[in-house]
Each structure stands twice: as C-alpha cells, then as structure tokens.
Chemist: 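Structure provided below as structure tokens; questions to follow.
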Amino acid sequence: MMRFPGKTLVSAAALLALSALPSFAADKIVLRSSDTHVADYPTIKAVEYMSQILEKETNGRLSIKVFPAAQLGEEKDTIEQTQLGVLDMNRVSMVALNNIIPMSQVPSLPFLFKSVAQMRRVLDGPIGDDILASFAEKNLIGLAFYDSGARSFYNVKQPINTPEDMKGMKIRVQQSDLMVGMVKALGANPTPMPFGEVYSALQTGAIDGAENNWPSYYTTRHFEVAKFYSETEHLMVPEALMMSKMTWDKLSKDDQKLVRDAAKKSALKMHELWEAEEKVAYDAVVKAGSKINKVDKAPFIAAMAPIYDKYVTDQKMKDMVARIRAAE
Ligand code: GTR
C-alpha cells in the first residue's frame, strides 16, 4: 500500500466523532493510536503486535486501534491531540517532538550515533529510558523507540556528493528548528512542511528534494519524482511511541505495567519488521530506476558540527550527548 500523496484533511466532524467515542467503557479499553504511515508500514504492524500482546494478556479487555495514513492529522497536530487526551497513543518521528521537548533533539542530532546497531543498544537500555522519561514534562508518556534506519537526501536534480552540490537547493525538512538549522548549515534552503505535502511539492517544483529512509522514500512514492538518492545517512533518528498522560493516569498500575512491557516487546518485533521492509523498499526503488550514490560523509559531518553548539544548549542535553557518544 502507498501513502496517498497530497494534503490530508481531517474534518471537524471526524474529530468530534472520534472524541465522542468512549474509549474507556467499564469492561473494555480500546486505545486509539495515530500514525502517518500506510497501513502495512512496520510502525503500524508493530503497534498492532503490541495490541495482540495486550489482548492476549487481558482476555481482550485492553487493545489498541491504529488509525494509519494520517487519517487523524499530520504529526504536529496529532501530538497536540495526544497532549490533550483526544488521542490515547501516537507513533511519530522523534524529530516531530523537537520543538516541544528539548531532550528529543539529542537523538535527532546529525551523525550522533555510530551505527544503527549502536543506536538500538543505546535506546533499548537506560539511556533510552531517560530520554523517554523527558516526555512527561509535556503531558506525554514515552513508551518505546522504534526503528527508522538512516535518513539520506534525495532530490529531483542531480546526485549529491558534497555539501556544495546542495547550494541553493530547496530541501523539505520535518517541522523542527533543528532540522531547519541542519539544512542551512549545509548551504541549502530548508522548507519545513508536513509529510503528506511533500509528494506534490516535489512534483510542482516547490521543493527540489527532501530526506528520509528507504521505506519512507518508497511508500510515499517520492522516488517517482525525486530520482537521485544520495546516501549521506546524516540522521539515525528513532521513532517514538507514546501515550497521552491523561490516558495513562486513567489506567491502573497493573495495566500501566502491561502497556510498558508490551511496548518494549513491540520494539523488538519492530527491529525484524524494519530490516525486511528496508530491503523491500531498496529493491523496489532500484527496480524503478532511482539513481543511488554513495557519499564521503566527512564534509557533511564537518558542515553540521556547529549544529551541536547551537542546539545542545543545556547541561542535561550536553550530558546526554556525552553518554551516547561514550556508549558502545
Ligand atoms: C518518516 C517517519 C514519519 C515522518 C516522516 C517525515 O521516516 O517515520 O513519522 O516523520 O519521516 O519525514 O515527516
């Protein structure tokens, strides 16, 4: 399944109907969760897997219903809905939280993790738990990290080999000041924009390129319009699975524990799903004629280094960067 290219509109009526739904009937709890991706994307399968665990352990009393394809809105809006308790759960990119939760900027820094394997080790352990705990200050409960591989730049014009090749290019970024700063540091022009608008923006020439991992490049069909994919792998930024604190506070202590444990198990499942999907996506875009090039990362790392001084501002964030860098 592909994501429908174009703007996703959420009607006020749909939202009203949704908020009127009693997710907490006396004997049954159905947690409503949002995702921007298409129905068979790994993030959605992972949350559905989490639901199966919960259903099994509670004889169907506790489950999750996932609303895919940005049906409930783009990430920025659904995060607000989750903070307000209109939505119970949400799966978003960590970057979507950057302007709300300062600590979320740390795992969103370019070239921070040494490899995807190191990122998994770090985030599946106590460092990851500390980052998730920082969500609570904003009415959100961080449950788990999901895979998102590595993000690279792709564009409609030419292969990118050095930052100079990006001069003057209009590059879509997620709605985060850190991402705006990152693309500026490379000499290109950042355009923050919701995910669902990128396809048509590439098509009409409103932007020249964007950046994402293989599965997102593929399922959004961006590969049809932006053929040049340059493996900068500048970001290894995880996905975040979270719950509204308002929903969390309504759960019993036992149910909270079940939810946390099931979320952690679903993160392990996600690792498998992700690897399979990366391969499917890579093979499909190669077959469709994408022009892929390897990149010497050194000049990109050098150009983005000042981002650390600009965005890692408080001591807590500095300590977190140091912990991640020191971790094996
Ligand atoms: C994807 C991520 C989405 C969304 C998207 C984007 O990799 O899974 O949650 O953040 O990137 O670029 O907007």
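Whatever order the structure lists ligands and atoms in, that order sets their numbers, starting from 1.
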Chemist: Could you tell me if Arg151 and Gln174 have a donor-acceptor pair between their side chains, going purely by distance under 3.5 Å?
Modeler: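 Checked: Gln174/Arg151 side chains pair up, N/O donor to acceptor below 3.5 Å.
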Chemist: With a cut-off of under 6.0 Å to the ring centre and 45° to the axis, is Lys138 in cation-pi contact with Phe135?
Modeler: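 Negative - Lys138 is either too far from the ring of Phe135 or too far off its axis.
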Chemist: Test ring-ring contact (aromatic ring centres under 6.0 Å, His included) on Trp214 and Tyr229; report intermediate values, then the result.
Modeler: CA-CA 9 Å; Trp214 296 113; Tyr229 189 103; 3.9 Å; yes
Chemist: Hey, is Lys170 close enough to Asp208 for a salt bridge, meaning N to O under 4.0 Å?
Modeler: no
Chemist: What pairs with Arg91 under side-chain hydrogen bond (donor to acceptor under 3.5 Å, both in side chains), at least two apart in sequence or on another chain?
Modeler: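 With sequence neighbours excluded, Arg91 shows a side-chain hydrogen bond (donor to acceptor under 3.5 Å, both in side chains) to Asp35, Glu239, given in chain and number order.
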Chemist: Please determine if Arg323 and Asp319 form a salt bridge, counting it only when a charged side-chain N lies under 4.0 Å from a carboxylate O.
Modeler: no
Chemist: Name the residues in contact with ligand 1, where contact means a heavy atom under 4.0 Å away: which are they?
Modeler: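 Protein residues near ligand 1 are Thr36, His37, Glu75, Arg91, Ser93, Ser148, Arg151, Arg172, Gln174, Phe195, Asn212, Asn213, Ser216, Glu239.
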